[in-house]
Amino acid sequence: MPLRLYNSASRKKETLKPIKDGKVGIYVCGVTVYDLCHIGHARSAIVFDVLVKYLRARGFKVTYVRNFTDVDDKIIERSKKTGEDTITLAERYIKAFHEDMFALGVHDADVEPRATEHIDDIIDMIRRLVEKGVAYVVDTTVYFSVEKFDSYGQLSGRRLEEMVAGARIDIDEKKKHPMDFVLWKGTKPGEPKWQSPWGEGRPGWHIECSAMSCRYLGENFDIHGGGRDLIFPHHENERAQAMAANGVNFVNYWIHNGFLTVESEKMSKSLGNFITIKDALQLYHPQELRLFLLSKHYRSPLDFSRSALLETRSGLIRIYRTLQRLEEMIGPYKGNSKERTTPSLSQSDGDRLKSNFVRVMDDDLNTAGGLGLIFDRVRDINRLLDSSSQGEDTKSQLVKERRDLLSCSKVLGLLEVEPSKFFQQITKTPPEIDTDEIERMIQERRKARNEKDWTKADAIREELSKRGIILEDGPRGTKWRLKAEGSTKSLKKEVS
RNA sequence: GGCGGCAUAGCCAAGUGGCUAAGGCAGCGGUCUGCAAAACCGUUUGACACCGGUUCGAAUCCGGUUGCCGCCUCCA
């Protein structure tokens, strides 16, 4: 079974056939840098991060391009409020974006072009559109003429007549057709500007992506991605510009991720439920956010809620506990350098988990299905750990099962944290009790237990529990751990 | 108004014609434990919105109904 992806343009799943055998070019619309990124951006970034990692694991050589829009109305508006110039403002939010992505474990793209660095490419593309008569100039503004491009509306499944009919479109006297859009905008005082054949001005919103994607990936490339909302008008217009200018097909596969709601409501600034990635990282561990965001298919809508994230946490803790038990049994994971960076997954993989993982992921990146397999494997490993036979055979099997588990989770950017570190990070509040005292109390309790003084032993355990310490008695003595903050169970105790 | 999507157990969520419909969370019962915790096993009355149709056979395809949502304007 080859890799199949849902193509928004055909509204069907299609087998991925790269233009150049074994190589994939992918362009994803990045962010307009006028504000902090929110968790919706995080979903999009993580989905395409996983797509790229998966493609690489499946042996494709990927060129991943993700742009920054650093000149735009909203940036100009914001810079007027803050008093910064637009370049400084954009630079600040690009830095914030990189911080967020790093925290979430999202890799940098291979190329991260900025609109302001490609003004020449943009002007060149507009010039060709004007020369071909697909664009026209009014004063200092250049418009794209939608009527001159036959398949306008094909990507989003709209027809011009329908759009005009139902429209709440601003009537612009200068436009020949209401749906025509701006390629080049004449400058106003105080705005960023560049010299062009049509006077000083700046690019329109859509043209930069056409220019930059073609610049780095060629006039016709494999995959173009972004959020669902970008299908119209942004991607429709990008497609129209590029195809009209170059005269060849633009993108072979359009991939769009679904939207995120917050507590069942659309995320918007007016509703006050706008959650930035930085906010989310205050409340949740990056691994929790990743697991949560990948727990539903990327095209479906997903509701971000407190209760859903706490459920996610419970599941994640279970997996990391297993990883920790594994470390105690067979030592820390030491993959070779290739396994650690780019795991390799193939259809004919001997391991049941890996071959099944490839089977579900090949079907339009079914991360939810893949996670199901990962949880299956965790249970298998726990069974082995519980079993009485703990000889060398069991150990070597555990080594193999963990290696294959981590190869799969690596593609999802999960289980990458050292277990002990994970538990440290997830229990942010440091205990108001030092470890020496914990050890002392455990010794005291052990003495009581040896004397079968259960009342005293239980009292000590209860005292530690109040301070957030959970004790676990095992065959090799008593272990302690911190109660996970905000887990469903401890939340219930707070409520009752 | 136009276009599109969704409806699977208490909750979240895979599965798009055919073995006993994944997995997670929560609850309950059991194993283990002095009791717990963790883990494991079992379980949550027949879980596929409703009505028709196609088919030997449908959660899955087609038509209709109801309900929810998105886009059509900046938006990941």
Side-chain angles (χ1 to χ4, degrees), chain A residues 8 11 13 28-32 34-35 37-48 72-74 77 153 156-159 161-170 179 205 225-234 256-261 264 266-269 291-292 295-297 299-303 305 307-308 310-319 321-322 324-325 356 360 363 366-379 381-387 449 452-455 457-458 461-462 465 470-475 478-481 483 487-489 492:
Chain A
S8 302
R11 292 162 198 81
K13 287 180 195 172
V28 174
C29 284
V31 292
T32 302
Y34 74 104
D35 203 348
C37 289
H38 53 68
I39 50 178
H41 294 110
R43 184 185 194 189
S44 185
I46 287 173
V47 162
F48 289 104
D72 154 277
D73 289 349
K74 289 193 293 290
E77 194 183 314
S156 56
R158 293 150 209 263
R159 284 183 301 176
E161 312 86 76
E162 286 165 355
M163 286 190 274
V164 176
R168 296 183 305 188
I169 302 166
D170 289 339
M179 296 309 293
W205 174 36
R228 272 196 78 81
D229 56 318
L230 293 179
I231 294 175
F232 189 88
H234 185 54
H256 293 99
N257 66 278
F259 254 42
L260 204 64
T261 52
S264 304
K266 184 178 170 172
M267 182 163 49
S268 72
K269 288 186 175 171
L291 177 59
F292 172 73
S295 65
K296 198 171 179 187
H297 188 87
R299 279 188 285 120
S300 303
L302 173 61
D303 188 47
S305 70
S307 63
L310 291 181
E311 281 182 14
T312 300
R313 170 168 300 183
S314 299
L316 189 64
I317 286 174
R318 192 157 90 82
I319 301 177
R321 274 204 187 111
T322 300
Q324 195 162 43
R325 289 180 73 191
N356 283 333
V360 299
D363 183 13
N366 183 357
T367 54
L371 287 170
L373 295 169
I374 283 174
F375 275 101
D376 282 339
R377 172 54 56 98
V378 167
R379 195 178 50 240
I381 291 174
N382 277 327
R383 274 189 199 136
L384 267 176
L385 287 164
D386 279 355
S387 73
R449 291 182 75 213
K452 305 236 187 285
D453 185 351
W454 309 126
T455 316
D458 290 351
R461 185 169 63 197
E462 181 57 27
S465 172
I470 303 288
L471 295 188
E472 295 183 2
D473 298 325
T478 299
K479 289 190 296 182
W480 64 274
R481 62 181 162 85
K483 207 183 282 183
S487 80
T488 328
K489 280 176 185 165
K492 277 210 160 171

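Below, read A as the first sequence line, B as the second, and so on, with proteins coming before strands; counting in each chain starts at 1.
Looking at heavy-atom distances under 4.0 Å, A/Arg379 makes contact with sugar-phosphate atoms alone, never a base. A/Leu230 comes within 4.0 angstrom of the backbone, heavy atoms only, and of no base. Among the atoms of the strands shown, base atoms are found under 4.0 Å from some heavy atom of A/Leu260. If you check every strand for non-hydrogen atoms under 4.0 Å, A/Arg299 touches nothing. As judged by a 4.0 angstrom heavy-atom cut-off over every strand, A/Gly226 is placed among residues touching the sugar-phosphate backbone only. At the heavy-atom level, A/Ala308 lies nowhere under 4.0 Å from the strands shown. Using a 4.0 Å heavy-atom distance criterion, A/Phe259 is classed as a base contact. As judged by a 4.0 angstrom heavy-atom cut-off over every strand, A/Lys296 is placed among residues touching the sugar-phosphate backbone only. Contacts of A/Arg43 with the nucleic acid, taken as non-hydrogen atoms under 4.0 Å apart, are absent. Note on A/Gly258: a base of the nucleic acid sits closer than 4.0 angstrom, heavy atoms only. Counting non-hydrogen atoms under 4.0 angstrom, A/Asp376 reaches the backbone sugars and phosphates but no base.
The nearest heavy atom of RNA chain B to A/Phe375 and to A/Ser264 marks one nucleotide each, and the one closer to the 5' end goes with A/Phe375.
A distance of about 46 Å separates the P atoms of B/G30 and B/G67, rounded to the whole Å. If you take atom P in B/C56 and the same atom in B/C11, they sit 37 Å apart, rounded to whole Å. The same atom, P, is picked in B/G24 and in B/U65; the two are 39 Å apart, to the nearest Å. With C1' as the reference atom, B/U16 and B/C61 are 9 Å apart, rounded to whole Å. Taking atom C1' on both B/A26 and B/G10, the two are 8 Å apart, rounded to the nearest angstrom. With P as the reference atom, B/G34 and B/U43 are 28 Å apart, rounded to whole Å. Here the separation of B/C48 from B/C6, taken at their C1' atoms, is 14 Å to the nearest Å.
The distance between atom CZ of A/Arg461 and atom C1' of B/A37, rounded to the nearest whole Å, is 7 Å. Separating the CZ atom of A/Arg158 from the P atom of B/G70 is a distance of 15 Å, rounded to the nearest angstrom. For A/Asn257 and B/A76, the CG to P distance is 11 Å, given to the nearest whole Å. Atom CD of A/Gln324 and atom C1' of B/A37 are 14 Å apart (whole Å). Going from atom NE2 of A/His297 over to atom P of B/C12 covers 19 Å, rounded to whole Å. For the pair A/Arg325 CZ and B/A38 C1', the interatomic distance rounds to 7 Å; values are reported in whole Å. The distance between atom CG of A/Leu385 and atom P of B/C41, rounded to the nearest whole Å, is 13 Å. For A/Asp229 and B/G70, the CG to P distance is 13 Å, given to the nearest whole Å.
Base pairing annotation: B/G67 forms a Watson-Crick or G-U wobble pair with B/C6, both donor-acceptor distances under 3.5 Å. In this structure, B/C32 forms no base pair with any nucleotide, since neither Watson-Crick nor G-U wobble geometry is met with both distances under 3.5 Å. Across all strands shown, B/A47 remains unpaired; no Watson-Crick or G-U wobble contact has both distances below 3.5 Å. Taking a pair to require two hydrogen-bonding distances under 3.5 Å in either a Watson-Crick or a G-U wobble arrangement, B/G57 remains unpaired. In this structure, B/A37 makes no Watson-Crick or G-U wobble pair, since no nucleotide meets both defining distances under 3.5 angstrom.
Dashed line: the shortest gap from a side-chain N or O of A/Asn366 to OP1 or OP2 of B/A14 is not under 4.0 Å. Taking 4.0 angstrom as the limit, A/Arg318 places none of its side-chain polar atoms (N or O) nearer than this to OP1 or OP2 of B/A37. Contact between the side-chain N/O atoms of A/Lys266 and the OP1/OP2 oxygens of B/C71 is found at a separation under 4.0 Å. For the pair A/Arg11 and B/C3, the criterion of a side-chain N or O lying under 4.0 Å from OP1 or OP2 is not met.
Taking every heavy atom of both residues into account, A/Met267 and A/His38 meet most closely at CE-ND1, 3.3 Å. Nearest approach of A/Cys29 to A/Leu230, heavy atoms of both residues: CB-CD1, 3.7 Å. Between A/Gly258 and A/Arg43, the shortest heavy-atom contact is O-NH1, 3.0 Å.
Closest to the side chain of A/Glu311, out of B/C25, B/C71, B/A76, is B/C25. Each of B/C41, B/C72, B/G34 was ranked by its minimum atom distance to the side chain of A/Arg449; first place goes to B/G34. Each of B/G34, B/C40, B/A38 was ranked by its minimum atom distance to the side chain of A/Arg383; first place goes to B/C40. Listed candidates were B/A76, B/C35, B/C72. Nearest to the side chain of A/Asp473 is B/C35. Here the side chain of A/Ala368 is nearest to one of B/C72, B/G34, B/A13, namely B/A13.
For the residue pair A/Arg321 / A/Asn382, no side-chain donor-acceptor distance below 3.5 Å is found, with atom types taken as modelled.
Rounding to the nearest 0.5 Å places CZ of A/Phe292 at 4.0 Å from CG of A/Leu302.
Ionic pairing of A/Asp363 and A/Lys13 is present here: one or more N-O contacts between side-chain nitrogen and carboxylate oxygen are shorter than 4.0 angstrom.
Judged by distance alone, with hydrogens and angles left aside, A/Asp386 brings no side-chain donor or acceptor close enough to the base of B/C32 to form a pair under 3.5 Å.
Counting non-hydrogen atoms of neighbouring residues, nucleotides and ligands closer than 6.0 angstrom, the CZ atom of A/Arg481 exceeds 12 such neighbours.
Taking the salt bridge (Lys or Arg N to Asp or Glu O under 4.0 Å) definition, one finds that A/Asp473 meets it with A/Arg445, A/Arg449, sequence neighbours left out.
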